[in-house]
Amino acid sequence: MGYTYNNNGENPLKTEWIENGFSPETNEWAKSFGEDLTKKSEKRRPLTTGQLRKFFGKVKQIEVDFDHKKRDIPTLEYLLDYSVGRDKKKTKIVELSEQLIIAIKFLSQNITNKDIQIYYKNFVKIFEAIVAYHKFYGGQESANN
């Protein structure tokens with residue numbers, strides 16, 4: 001297999017996908033990551049659809065009014081940290097946070113780059129793929145499962 005996510009810290013999200021756009025490699029990674037988020041591990045429960053969509057909603061709000069809201073990109077990091085901190089059911093929000101913060105830090109460092117809107121759209125596509133594969137592999141509405 002190619003570049004797939006594994007929860008050992010290997011094969012993280014690549015910032016080059018944000019710069020250069022969605023590719024078959026990106027899709028393969030998003031597929032494996034989305035699937036991993038639906039599986040229970042020794043320490044964590046699967047990520048719920050609600051947790052995923054709540055944060056995805058914030059990302060989409062920035063995209064819809066990008067010219068006025070691009071300066072909100074750095075706030076996405078603390079919103080993820082907050083979600084991790086309030087996760088009493090010990091879900092895989094930690095794993096989601098670890099991967100998305102790679103992208104958020106890259107985007108935050110490039111806010112003044114002339115291509116920032118393209119980069120952000122590429123990030124949104126990656127996140128959309130994660131959401132889609134999470135649902136495809138059986139992402140649950142609640143962590144009671």
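Positions are given from 1 along the sequence. Note that the structure is a prediction, hence the values are computed from the model and not measured.
- The CG atom of D115 sits 13.0 Å away from atom NZ of K121, with the distance rounded to the nearest 0.5 Å.
- At a threshold of 4.5 Å between non-hydrogen side-chain atoms, the residues I130 and F56 do not count as touching.
- The shortest distance between side-chain heavy atoms of K58 and I62 does not fall below 4.5 Å.
- The only option from K54, H134, Q140 that meets the side chain to side chain contact (heavy atoms under 4.5 Å, CB included) definition with T49 turns out to be H134.
- Between I118 and N122 there is a side-chain heavy-atom pair separated by less than 4.5 Å.
- Of the possible polar contacts, one joining the N11 side chain to the T4 backbone as a donor-acceptor pair under 3.5 Å is found.
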Where do L107 and L76 land on the side-chain contact (heavy atoms from CB on, under 4.5 Å) test, with the steps shown first? CA-CA 10 Å; L107 292 166; L76 295 172; over 6 Å; no
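- The two residues A103 and I18 have their closest heavy-atom pair at CB-CD1, 3.3 Å.
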Is there a side chain to side chain donor-acceptor pair (under 3.5 Å) between Y137 and D36? Walk through the geometry before answering. CA-CA 9 Å; Y137 285 108; D36 184 76; over 6 Å; no
side-chain contact (heavy atoms from CB on, under 4.5 Å) between K31 and E28, intermediate numbers included: CA-CA 5 Å; K31 187 176 190 176; E28 189 174 330; 5.7 Å; no
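- Taking both residues in full, the closest heavy atoms of P12 and I102 are given as CB-CD1, 3.7 Å, listed atom of the first, atom of the second, then distance.
- Looking only at side-chain heavy atoms (C-beta outward), F55 and L100 come within less than 4.5 Å of each other.
- Ring-plane geometry between Y3 and W17 is classed as perpendicular, the angle between the planes exceeding 60 degrees on a 0 to 90 degree scale with a lower cut at 30.
- Within the 4.5 Å cutoff, side-chain heavy atoms of I126 are placed close to those of F22.
- Side-chain atoms of V59 and F123, non-hydrogen and from C-beta on, do get closer than 4.5 Å to each other.
- Applying the side-chain hydrogen bond (donor to acceptor under 3.5 Å, both in side chains) definition to pairs two or more places apart or across chains, those involving residues 63-74 are K60-E63, D65-H68.
- A donor-acceptor pair under 3.5 Å is absent between the side-chain atoms of N8 and the main chain of E10, judged by distance alone.
- Taking both residues in full, the closest heavy atoms of G138 and T38 are given as C-CG2, 4.3 Å, listed atom of the first, atom of the second, then distance.
- With values rounded to the nearest 0.5 angstrom, E42 atom CD is found 12.5 Å from R44 atom CZ.
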Test side-chain contact (heavy atoms from CB on, under 4.5 Å) applied to L47 and E95, step by step: CA-CA 9 Å; L47 183 72; E95 286 82 349; over 6 Å; no
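- Every residue two or more places apart in sequence or in another chain was checked for a side-chain hydrogen bond (donor to acceptor under 3.5 Å, both in side chains) with E98, and none qualifies.
- Distance check, rounded to the nearest 0.5 Å: NZ of K105 to CD of E77 gives 4.5 Å.
- In summary, the side chains of Q51 and T91 do present a donor paired with an acceptor at a separation below 3.5 Å, with no hydrogens or angles considered.
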Show the numbers, then the answer: is there a side-chain contact (heavy atoms from CB on, under 4.5 Å) between I73 and F66? CA-CA 10 Å; I73 292 170; F66 190 79; 4.0 Å; yes
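- Checked by atom type and distance alone, the side chain of S108 pairs as donor or acceptor with a backbone atom of I104 at under 3.5 Å.
- Applying the side chain to side chain contact (heavy atoms under 4.5 Å, CB included) test between L13 and each of F33, Y5, W29 identifies W29 as the sole match.
- Contact of the K92 side chain with the P46 side chain is not registered, since no non-hydrogen atoms from C-beta on lie closer than 4.5 Å.
- Side-chain contact check for D81 versus I101: some heavy-atom pair is nearer than 4.5 Å.
- Enclosure of atom NZ in K14 by more than 12 non-hydrogen atoms of other residues, nucleotides or ligands within 6.0 angstrom is indicated.
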